[in-house]
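Numbered from 1 within each chain, the chains take letters A, B, ... in sequence-line order.
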Number of protein chains: 2
Amino acid sequence: MRQMRHPPIEDVALEQVFHALSDPFRLGVIRRLADGGEQSCAALEGGRAKSSVSHHFRVLRDSGLILTRPEGTTHMNSLRAAEVEARFPGLLGAVLAAAGAPCDTAPRDE
Amino acid sequence: MRQMRHPPIEDVALEQVFHALSDPFRLGVIRRLADGGEQSCAALEGGRAKSSVSHHFRVLRDSGLILTRPEGTTHMNSLRAAEVEARFPGLLGAVLAAAGAPCDTAPRDE
DNA sequence: GCATAAGTTCGATTGTAGTCGAACAATTGC
DNA sequence: GCAATTGTTCGACTACAATCGAACTTATGC
């Protein structure tokens with residue numbers, strides 16, 4: 001069973017987190033995961049090319065924000081909320097609160 | 001007296017803020033302004049070329065994070081803390097708390 | 001008015017990042 | 001075992017972003 005590589009949360013630079021969140025699609029994914037819990041890549045792809053989506057999930061994993069686990073042919077993604085909270089207290093909550101405003105380019109159900 | 005253009009805080013996208021903060025130099029500037037209050041560009045340039053520094057301050061202004069006012073030949077910069085707090089409650093505090101950890105590339109006194 | 005200081009703009013260079021199609025890989029169902 | 005599904009990787013393309021030197025602009029001191 002192939003496991004995805006996730007950096008230890010202490011190896012994650014704050015700037016890396018901000019870079020991951022600076023893209024509208026990725027910020028939208030974080031919101032969706034916060035709202036709806038664990039979801040597959042396909043559920044979040046919002047009409048984009050598979051390779052684009054794959055690239056974004058890679059960036060989110062590398063920045064320590066999400067955890068990806070395989071489930072059959074599907075990859076399930078969830079926020080590493082507790083770890084991120086421990087590493088940067090209050091940041092994720094503030095990000096999600098700030099992102100709560102309507103966002104034009106967030107992935108949404110179609 | 002030449003005034004710098006600052007976007008109305010309500011025109012600032014959250015992603016834009018994160019992009020501004022994703023650069024180590026700019027994140028360091030925000031920390032320094034939070035710690036030490038209003039400072040000139042020269043005080044914060046950290047040995048970089050003037051044009052590089054000017055570019056970064058432009059990005060910080062355009063993202064609504066700082067306010068720049070001229071004072072003689074000097075440009076004084078300060079955080080638009082109250083406005084950013086009103087627009088994204090809790091975000092700036094969480095960013096500064098998270099950034100409080102030692103940062104290798106932050107501008108510092110030499 | 002000229003020199004100096006602080007900062008901006010321009011343009012070039014280099015590096016980063018987002019996009020996607022095509023090919024590939026792992027898992028599952030039949 | 002093959003087809004379908006989900007997702008990754010590769011490579012190409014395009015756009016963005018950070019860097020700096022040179023030239024320019026504004027304000028100030030003499």
Side-chain angles (χ1 to χ4, degrees), chain A residues 1-6 13 15-30 32-33 38-63 65-78 103-107, chain B residues 1-6 13 15-30 33 38-63 65-78 103-107 110:
Chain A
M1 185 70 82
R2 182 165 52 119
Q3 295 289 348
M4 284 299 187
R5 294 201 59 202
H6 300 84
E15 296 91 345
Q16 204 175 352
V17 173
F18 290 140
H19 170 257
L21 296 171
S22 68
D23 179 85
F25 174 76
R26 293 197 294 268
L27 184 58
V29 165
I30 295 301
R32 287 280 299 274
L33 292 179
E38 196 180 44
Q39 293 184 55
S40 67
C41 303
L44 294 159
E45 73 180 16
R48 287 175 173 73
K50 283 177 173 299
S51 43
S52 298
V53 175
S54 196
H55 158 75
H56 285 300
F57 277 99
R58 174 69 164 273
V59 173
L60 286 171
R61 264 196 309 282
D62 288 350
S63 67
L65 285 165
I66 67 169
L67 180 134
T68 302
R69 67 175 182 85
E71 188 178 276
T73 55
T74 296
H75 285 185
M76 302 302 291
N77 303 283
S78 57
C103 179
D104 291 341
T105 50
Chain B
M1 183 69 79
R2 180 164 52 120
Q3 294 291 346
M4 283 299 186
R5 294 199 59 201
H6 300 84
E15 296 90 345
Q16 204 174 351
V17 172
F18 289 140
H19 171 256
L21 295 171
S22 68
D23 178 85
F25 174 75
R26 293 196 294 268
L27 183 58
V29 163
I30 295 301
L33 292 180
E38 196 180 44
Q39 291 182 57
S40 69
C41 303
L44 294 160
E45 72 181 17
R48 286 173 174 73
K50 283 178 172 300
S51 43
S52 297
V53 174
S54 195
H55 158 74
H56 283 301
F57 277 100
R58 173 69 164 276
V59 173
L60 286 171
R61 262 194 311 282
D62 287 349
S63 68
L65 286 164
I66 67 168
L67 180 133
T68 303
R69 67 173 183 86
E71 185 177 276
T73 56
T74 296
H75 286 183
M76 301 302 290
N77 302 282
S78 57
C103 182
D104 291 340
T105 50
E110 329 219 15

- Message: If we ignore hydrogens and angles and just use 3.5 Å, is the side chain of B:S54 paired with the main-chain N or O of B:S51 as donor and acceptor?
- Response: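 No; zero donor-acceptor contacts below 3.5 Å.
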
- Just by distance, do the side chain of A:E45 and the backbone of A:K50 share a donor-acceptor pair under 3.5 Å?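 Between the backbone of A:K50 and the side chain of A:E45 there is no qualifying donor-acceptor contact (under 3.5 Å).
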
Residue pair [X] / [Y]: nearest heavy atoms and the distance that separates them:
| X | Y | value |
| --- | --- | --- |
| A:D23 | B:E15 | C-CG, 4.1 Å |
| A:N77 | A:C41 | ND2-SG, 3.4 Å |
| B:F25 | B:R48 | CD1-NH1, 3.3 Å |

- Identify which nucleotide among C:dG7, C:dT27, C:dT8 has an atom closest to any side-chain atom of A:T73, counting heavy atoms from C-beta outward.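 Nearest to the side chain of A:T73 among the choices is C:dT27.
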
- Message: Does B:M4 reach a base, just sugar-phosphate, or nothing at all? Heavy atoms under 4.0 Å.
- Response: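 Touches sugar-phosphate only.
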
- Query: Contact class for A:R5 vs. all strands (heavy atom < 4.0 Å): base, sugar-phosphate, or nothing?
  - Reply: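 Nothing: the residue A:R5, judged by heavy atoms under 4.0 Å, touches no strand.
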
- Pairwise distance CZ(A:R69) to CD(A:E71) - rounded to 0.5 angstrom: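 Reported to 0.5 Å precision, the distance equals 4.5 Å.
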
OP1, OP2 of [N] versus side-chain N and O of [X]: anything below 4.0 Å?
| X | N | value |
| --- | --- | --- |
| B:R58 | C:dG7 | no |
| B:H75 | C:dT8 | yes |
| A:R61 | D:dT8 | yes |

Report the distance from atom [atom1] of [X] to atom [atom2] of [N], rounded to the nearest whole Å.
| X | N | atom1 | atom2 | answer |
| --- | --- | --- | --- | --- |
| B:E71 | D:dT26 | CD | C1' | 15 Å |
| A:F18 | D:dA17 | CZ | C1' | 19 Å |
| A:R69 | D:dG7 | CZ | C1' | 15 Å |
| A:N77 | D:dT8 | CG | C1' | 13 Å |
| B:Q3 | C:dT8 | CD | C1' | 15 Å |
| A:D62 | C:dT16 | CG | C1' | 15 Å |
| B:M76 | C:dA5 | CE | C1' | 15 Å |

- Message: For a side chain to side chain donor-acceptor pair (under 3.5 Å) check, start with the C-alpha distance between A:H56 and A:R26, then their side-chain angles and the critical distance, and finish with the verdict.
- Response: CA-CA 6 Å; A:H56 285 300; A:R26 293 197 294 268; 3.0 Å; yes

- Note on the structure: Counting primed atoms, P, OP1 and OP2 as sugar-phosphate and everything else as base, the B/S/- map of nucleotides 18-24 of chain D against protein heavy atoms under 4.0 Å is SBBB---

